Trainee: 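Before I ask anything, here is the structure I am working with.
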Amino acid sequence: MSNSQLVVIGAGPGGYAAAFYAADLGMQVTLVDPSVNPGGVCLYRGCIPSKALLHVADVLNEARHADAWGITFGAPTIDVDRLRAFKTKVVNQLTGGLGQLSKQRKVTYIQGTAAFRDARTLEITRSTDGGAPAPAGGTPELLTFDHAIIATGSRPSTVPGLSIDSPRVMDSTAALELPDIPKTLLVVGGGYIGLELGTVYAALGTKVTVVEMTGGLLPGADRDLVNILAKRIDAMCEAVLLNTKVTGMQEAGDGVTVTFEGEGLAPEAKTRTFDRVLIAIGRRPNSAVPGLDRTRVTVNARGFIDVDPARRTAEPTIYAIGDVVGEPMLAHKASHEGRVAVEAIAGERVAFEPLAIPAVVFTDPELAWCGLTENDAQKANREVVVARFPWGASGRAQTLDRVDGLTKLILEPKTERVLGVGIVGPGAGELIAEGVLAVEMGATATDVRMTIHPHPTLSETVMESAEVFFGHATHVYRPKKKS
C-alpha cells in the first residue's frame, strides 16, 4: 500500500491543471488516467483534434472564397492519411509535452483506472500502453490519500432506442478519426459539436444534412448571433431540418437508412439513406466511478456529482471538478475549478463563483459569448440595454470580405455596467476574452469606450459597441434614445 497527499482521478484539462498546481504548491500528488499521458478527452478526442481539422476547413473555405477577389485556385486534392497524421501529430506533441511537465513537477503518473474502497483508499488497476485494462487476475494496487479530486469528465450521449451497431454510425470520437470523406453525412443534433464537425466534413466535400429537433440551431444561444451563423450553415449544408427528429435507423448495404418525423416534411423526404451518420446530441457525465457508493459522495438526478462552491463533495476528503459536476461542460471551466479545489485543500477560503465563463462555437463564423445573455435577461424579466455593432461598419471586416458579423454588449441601464458580451464573426473566440475581463472587473460602457483599440482591427467592434450605447459611434449613425 502506498500513500499520496493528493490523488487526482482523471487527467483532462481540469485534472492535470489541478495536479500540476498542487505540485507547484509543494503537495505530493498522484495523477491516475487510462491514457499514456495527461490530456483527457479534450486533447485526445475533443477540443484539440477538432480545432486542428477546423483549421483545415477554414483554409479550404478561404481558398474557395478567394474567387471573389480575383484569385482562383484549382480544386483541392485531399490526402486523408496525411490530414489524419497532421491531427495526430498535434495531439501527440501536446500530450507528450504534458507528460514531460508531469515528470518535471514530480507528479506520480499512473496509467490506469481507480475505484474507491473507502473515503481514503483507492484500488488502482493499471492499464496497458493502449489504455485497455490489464489482463484479469491481477490484484489491484491500494493507494491511500489525504484528499482526492474526481475529474473523470464526460462521454458522448446516445439517442435512446436508436443506436445501431454499425461503424457507419459515429459519435464525435469516431468522427474525429476521419475514417474517410463520405459523399453524404447526416448530423443528428444542431448543437456546437454537431455544427463544428459538420463544418469540417462539409469543407472536405461531403454533402451534409443537419437535423435538429428544436426550432433553431444552437438551442439556448443568443438568437442575434445564431441567425448570422445559420445563414452560413444553410449555404454550406445540403439541408438543415429544424423541428425534426430521427425516428429510426437501419443499416442498408453501403449506407444507413434514416426515417424522420417533422413539420412540413414531404413524404419522399421522410426516409433517406446516408453514407454515414454522426450522433452529436451532447455529453453525459462520467460520475459512475466504481466504489463511489462506499463514500458519502452524492450524485443528482442528472448524473452530476454534488459539490459546494469550493468543489468539495459531501465526503470531506473528496472533491470533484469539470464536466462531472455540471454545466457548462468546458475545458477552461474545469481548469479553474481545479485550481479552486486545490486552494481549498491547501486551507484557503475560496469559492468557484465566476461572473462570466466564455463559450465559443468554432464554426465559420465563430460564435462566442460570456456573462448575461439577452435571452437570460428576458427570462429573468431583467431590464437591460443592448448595444449592437454590425461588422458591415468595420473597416477590418471589410478588408477580410467577412462582414457577416456582429458584436453586442448587454448593459445595466442605471450603472452602465457590462453584464454580458456576444460576438459572431471570424475570430470571435479570440475576441471574447476582452468581454470576460470587462464583466469580471465590473467595467462600464465608458470604460470600454475610453479604452483605445488598435485600428484597423476586429477588436474595435467591442469599443464601437460601447459607443453605440452612447449614440455616437463613429462608423454607424444610431442616436441614443432620449429617456
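What you see is a predicted model, and the numbers here were worked out from it, not measured in a lab.
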Trainee: Yes or no on side-chain contact (heavy atoms from CB on, under 4.5 Å) for Phe116 and Thr121, after CA distance, side-chain angles and deciding distance?
Mentor: CA-CA 6 Å; Phe116 284 94; Thr121 311; over 6 Å; no
Trainee: Any side-chain heavy-atom pair from Pro140 and Ile124 closer than 4.5 angstrom?
Mentor: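 Side-chain contact under 4.5 Å: no.
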Trainee: Do the side-chain N and O atoms of Thr259 and Thr247 include a donor-acceptor pair separated by under 3.5 angstrom?
Mentor: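 Yes, Thr247 and Thr259 have a side-chain donor paired with an acceptor closer than 3.5 Å.
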Trainee: Return the CD1 to CG distance between Ile9 and Leu292, rounded to the nearest 0.5 Å.
Mentor: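 Going from CD1 on Ile9 over to CG on Leu292, the span is 8.5 Å.
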Trainee: What are the two closest non-hydrogen atoms of Gln111 and Ser35, and how far apart are they?
Mentor: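 Where Gln111 meets Ser35 most closely, the heavy atoms are CG-O, 3.3 Å.
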Trainee: Are side-chain heavy atoms of Val107 and Thr30 found at a separation under 4.5 Å?
Mentor: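 Answer no - side chains too far apart.
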Trainee: What verdict does the side-chain contact (heavy atoms from CB on, under 4.5 Å) test give for Leu218 and Leu367, after you've listed the backbone C-alpha separation in whole Å, the side-chain angles of each residue and the deciding distance to 0.1 Å?
Mentor: CA-CA 10 Å; Leu218 293 173; Leu367 211 85; 3.4 Å; yes
Trainee: Looking at every non-hydrogen atom in both residues, tell me the closest pair between Pro49 and Cys42 and how far apart they are.
Mentor: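 Shortest heavy-atom separation between Pro49 and Cys42 comes out as CD-O, 3.7 Å.
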Trainee: Between Ala428 and Glu366, which heavy-atom pair has the shortest distance, and what is it?
Mentor: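 Closest approach of Ala428 to Glu366, heavy atoms only: N-OE1, 3.2 Å.
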Trainee: Just jot down the salt bridge (charged side-chain N to carboxylate O under 4.0 Å, His left out) partners of Arg120, sequence neighbours excluded, or say none.
Mentor: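 Per chain and number, Arg120 pairs via salt bridge (charged side-chain N to carboxylate O under 4.0 Å, His left out) with no residue.
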Trainee: Is Gln250 atom CD crowded by more than 12 heavy atoms from other residues, nucleotides or ligands, each under 6.0 Å away?
Mentor: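 Not more than 12 within 6.0 Å, no.
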Trainee: With rounding to the nearest 0.5 angstrom, report the CG to OG1 distance, Asn3 to Thr144.
Mentor: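 Result: 3.5 Å between the selected atoms.
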Trainee: Can you list the residues that meet the salt bridge (charged side-chain N to carboxylate O under 4.0 Å, His left out) rule with Glu196, with sequence neighbours excluded?
Mentor: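 Glu196 satisfies salt bridge (charged side-chain N to carboxylate O under 4.0 Å, His left out) with Lys51 once adjacent residues are dropped.
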Trainee: Under 4.0 Å between a side-chain nitrogen and a carboxylate oxygen: does that hold for Arg302 and Glu327?
Mentor: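 A salt bridge links Arg302 with Glu327.
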Trainee: Out of curiosity, Met329 CE to Arg284 CZ, how far, rounded to the nearest 0.5 Å?
Mentor: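 Met329 atom CE to Arg284 atom CZ measures 10.5 Å (nearest 0.5 Å).
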Trainee: How many angstroms lie between atom CZ of Arg82 and atom OG1 of Thr77, to the nearest 0.5 angstrom?
Mentor: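 Arg82 CZ to Thr77 OG1: 11.0 Å, rounded to 0.5 Å.
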Trainee: Do Leu406 and Ile228 have side chains that approach each other closer than 4.5 Å (heavy atoms only, starting at C-beta)?
Mentor: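 Leu406 vs Ile228: side chains touch.
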Trainee: Say whether, by atom type as modelled, one donor and one acceptor occur between the side chain of Asp323 and the main chain of Gly153 under 3.5 angstrom.
Mentor: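 Checked: no pair found.
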Trainee: Using side-chain heavy atoms (C-beta onward) and a distance below 4.5 Å, is Ser287 in contact with Thr152?
Mentor: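 Ser287 does not reach Thr152 side chain to side chain.
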Trainee: Under the criterion side-chain contact (heavy atoms from CB on, under 4.5 Å), I'd like the reasoning laid out for Ile233 against Val240: C-alpha separation, chi angles, the key distance, then a yes or no.
Mentor: CA-CA 8 Å; Ile233 295 295; Val240 176; 3.9 Å; yes
Trainee: Does the Ser335 side chain pair with the main chain of Ala331, one donor and one acceptor, at a distance under 3.5 Å?
Mentor: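 Yes; judged by distance alone, with no hydrogens or angles, the pair exists.
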Trainee: Looking at side-chain heavy atoms only, is the closest gap between Arg232 and Asp364 below 4.5 Å?
Mentor: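 A side-chain contact exists here, since the closest heavy-atom pair is under 4.5 Å.
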Trainee: Please determine whether the number of non-hydrogen atoms from other residues, nucleotides or ligands lying under 6.0 Å from atom CE of Met213 exceeds 12.
Mentor: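 No.
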Trainee: First locate atom CD of Glu315, then atom CG of Asp118, and finally report the distance between them rounded to the nearest 0.5 Å.
Mentor: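 Rounded to the nearest 0.5 Å, the CD-CG separation comes out at 9.0 Å.
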Trainee: Look up atom CG in Leu278 and atom OG1 in Thr209, then write down how far apart they are to the nearest 0.5 Å.
Mentor: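 So the CG of Leu278 and the OG1 of Thr209 are separated by 12.5 Å.
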Trainee: Indicate every side-chain donor-acceptor pair of residues 174-195 with a distance under 3.5 Å to a residue at least two apart or in another chain.
Mentor:
unit_1	atom_1	unit_2	atom_2	d
Asp180	OD1	Arg276	NE	3.0
Asp180	OD2	Arg276	NH2	3.3
Thr184	OG1	Asp275	N	2.8

Trainee: Please tell me whether Thr273 and Thr257 have a donor and an acceptor in their side chains that are separated by less than 3.5 angstrom.
Mentor: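 Result is yes, a qualifying pair exists.
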Trainee: Check side-chain contact (heavy atoms from CB on, under 4.5 Å) between Pro156 and all other residues, then give those that pass, not counting sequence neighbours.
Mentor: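 Result, side-chain contact (heavy atoms from CB on, under 4.5 Å) vs Pro156: Asp171, Ser172, Thr173, Arg283.
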Trainee: With no hydrogens and no angle check, do the side chains of Ser4 and Gln28 hold a donor and an acceptor under 3.5 Å apart?
Mentor: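 No pair is found: no donor N or O on one side chain lies under 3.5 Å from an acceptor on the other.
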Trainee: Is any side-chain heavy atom of Met249 less than 4.5 Å from a side-chain heavy atom of Ile279?
Mentor: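 Side-chain contact under 4.5 Å: yes.
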Trainee: Would you list the atom pairs, donor with acceptor, under 3.5 Å between side chains in residues 52-65 and any protein atom, with sequence neighbours excluded?
Mentor:
unit_1	atom_1	unit_2	atom_2	d
Asn61	ND2	Ala57	O	3.2
Arg64	NH1	Ala203	O	2.9
Arg64	NH2	Ala203	O	2.7
His65	NE2	Asp401	O	3.4
His65	NE2	Asp401	OD2	2.9

Trainee: Which pairs of donor and acceptor atoms, one on a side chain in residues 93-103, lie under 3.5 Å apart (sequence neighbours left out)?
Mentor:
unit_1	atom_1	unit_2	atom_2	d
Thr95	OG1	Val91	O	2.9
Thr95	OG1	Asn92	O	3.4

Trainee: Side chains of Thr298 and Thr313: does their closest heavy-atom pair fall under 4.5 Å?
Mentor: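 SC-SC contact between Thr298 and Thr313 ruled out.
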Trainee: Report the C-alpha separation of Leu241 and Val210 in whole Å, then their side-chain angles, then the decisive distance to 0.1 Å, and conclude whether the side-chain contact (heavy atoms from CB on, under 4.5 Å) test is met.
Mentor: CA-CA 6 Å; Leu241 308 176; Val210 178; over 6 Å; no
Trainee: Report the residues that fulfil salt bridge (charged side-chain N to carboxylate O under 4.0 Å, His left out) with Arg117, sequence neighbours left out, ordered by chain and then residue number.
Mentor: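 Result, salt bridge (charged side-chain N to carboxylate O under 4.0 Å, His left out) vs Arg117: Glu123.
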Trainee: Has the side chain of Thr244 got a donor or acceptor atom that lies under 3.5 Å from a matching backbone atom of Leu242?
Mentor: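 Looks like yes, one N/O pair under 3.5 Å.
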Trainee: If the condition is side-chain hydrogen bond (donor to acceptor under 3.5 Å, both in side chains), which residues does Asn227 pass it with, not counting sequence neighbours?
Mentor: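 Here no residue qualifies.
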Trainee: I need the minimum non-hydrogen distance between Thr214 and Pro219, along with the two atoms involved.
Mentor: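 Closest heavy-atom pair between Thr214 and Pro219: OG1-CG, 3.4 Å.
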Trainee: Can you see which heavy atom on Ser127 is nearest to which on Thr113, and at what distance?
Mentor: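 Closest pair (atom of Ser127, atom of Thr113, distance): OG-N, 4.3 Å.
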Trainee: Check salt bridge (charged side-chain N to carboxylate O under 4.0 Å, His left out) between Glu440 and all other residues, then give those that pass, not counting sequence neighbours.
Mentor: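 Listed in chain order: nothing, the list is empty.
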Trainee: For residues 280-336, pull every pair meeting ring-ring contact (aromatic ring centres under 6.0 Å, His included), keeping only residues two or more places apart or in separate chains.
Mentor: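 Pairs touching residues 280-336 that pass the test: none.
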Trainee: Check for a donor-acceptor pair, side chain of Ser166 on one end and backbone N or O of Arg168 on the other, with a separation under 3.5 Å.
Mentor: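 Yes; at least one donor-acceptor contact below 3.5 Å.
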Trainee: How far apart are the closest heavy atoms of Gly326 and Lys333, and which atoms are they?
Mentor: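 Closest approach of Gly326 to Lys333: O-NZ, 2.7 Å.
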Trainee: Inspect the surroundings of CD in Glu238 and state if more than 12 heavy atoms from other residues, nucleotides or ligands are less than 6.0 Å away.
Mentor: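 Check passes, neighbour count above 12.
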Trainee: Counting only heavy atoms not in Asp79, do more than 12 sit closer than 6.0 Å to its CG atom?
Mentor: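 Buried by this count: over 12 neighbours within 6.0 Å.
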Trainee: For residues 3-49, pull every pair meeting ring-ring contact (aromatic ring centres under 6.0 Å, His included), keeping only residues two or more places apart or in separate chains.
Mentor: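 Every pair satisfying ring-ring contact (aromatic ring centres under 6.0 Å, His included) with a residue in residues 3-49: Tyr16-Phe20.
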Trainee: Tell me yes or no: between the side chains of Asn286 and Ser154, is some donor less than 3.5 Å from an acceptor?
Mentor: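 On atom types as modelled, these side chains do not qualify, holding no pair under 3.5 Å.
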Trainee: Return each pair, listed once, that meets salt bridge (charged side-chain N to carboxylate O under 4.0 Å, His left out) where at least one residue sits in residues 218-228; pairs must be two or more places apart or across chains.
Mentor: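 Sorted pair list: Asp222-Lys408, Asp224-Arg388, Asp224-Lys408.
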Trainee: Taking side chain as C-beta onward, heavy atoms only, is Phe145 less than 4.5 Å from Leu122?
Mentor: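 Yes, close enough: below the 4.5 Å cut-off.
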Trainee: Under a 4.0 Å threshold between the charged nitrogen and the carboxylate oxygen, would Lys231 count as salt-bridged to Asp234?
Mentor: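 No, this pair does not count.
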